[in-house]
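I have placed the structure first, in the form of structure tokens, so that the comments after it can refer back to it.
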Amino acid sequence: MQSIFHLAFHVRDLDAARRFYGQVLGCAEGRSTDTWVDFDFFGHQISLHLGEPFATTRTGRVGDAMVPMPHFGIVLALPDWQALAKRLKAAEIEFVLEPQVRFEGQPGEQWTMFFCDPFGNPIEAKGFRSLAALYDK
């Protein structure tokens with residue numbers, strides 16, 4: 001079964017959300033009203049609604065770093081992940097966790113980075129040489 005994931009969450013400003021998700025991340029905008037906007041988030045649907053974003057705490061351990069929980073994200077093929085990292089750096093996005101490789105040479109080897117949208121919603125992007133390795137132990 002192939003499916004598309006959907007996530008709806010709050011943002012404080014739809015125009016700022018359009019700039020970040022549309023221009024910085026390169027996500028295509030879908031339907032919208034005066035209180036929400038949809039985006040194609042790398043093949044999945046996110047719906048951004050006006051409101052107060054969910055609370056997060058840096059309680060998730062990634063190596064030696066503590067990252068925001070909860071968070072959402074995307075898993076990409078490594079070349080796409082590298083292109084996204086370059087795009088975020090060019091936009092001078094502040095990283096919670098700088099782009100880096102973890103589990104190098106081990107099953108599940110992956111590249112990761114954490115950053116937040118303008119409203120503090122945390123996002124993780126992972127990159128894999130082969131997406132088939134996503135669940136390797």
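Just so it is clear, the values below take in all heavy atoms, side chains as well, and ignore hydrogens, waters and symmetry mates.
A donor-acceptor contact shorter than 3.5 Å links the side chain of His71 to the backbone of Pro68. Of the possible polar contacts, one joining the His10 side chain to the Glu52 backbone as a donor-acceptor pair under 3.5 Å is found. A donor-acceptor pair under 3.5 Å is absent between the side-chain atoms of Trp111 and the main chain of Pro99, judged by distance alone. Between the side chain of Arg87 and the backbone N or O of Val24, at least one donor-acceptor pair lies under 3.5 Å.
Taking all atoms of both residues into account, the shortest heavy-atom contact from Phe95 to Met113 is CE2-SD, 3.7 Å. Considering all non-hydrogen atoms of both residues, Phe39 and Ala17 come closest at CZ-O, 4.2 Å. What you find for Leu76 and Ile74 is that their closest heavy atoms are CD2-CG1, 3.8 Å.
Ring planes of Phe20 and Phe115: tilted class, angle from 30 to 60°.
Connectivity analysis of hydrophobic side chains (ILVMFWY, heavy atoms under 4.5 Å, direct or indirect) links Leu97 to Val62, Val67, Val96, Phe114.
The local environment of CD in Glu94 is sparse, with at most 12 non-hydrogen atoms from other residues, nucleotides or ligands closer than 6.0 Å.
Side-chain atoms of Phe9 and Pro53, non-hydrogen and from C-beta on, never get closer than 4.5 Å to each other. Arg102 has its side chain within reach of Lys126: a pair of non-hydrogen atoms, C-beta onward, lies under 4.5 Å apart.
Results of the side-chain hydrogen bond (donor to acceptor under 3.5 Å, both in side chains) test with Tyr21 over Asp40, Asp117, Asp38 single out Asp117 as the only residue that passes.
Side-chain atoms of Arg31 and Ser47 form no donor-acceptor pair, as typed in the model, at a separation below 3.5 Å.
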Check: Stepwise, does the side-chain hydrogen bond (donor to acceptor under 3.5 Å, both in side chains) test hold for Thr112 with Gln100?
Finding: CA-CA 6 Å; Thr112 187; Gln100 59 189 266; over 6 Å; no

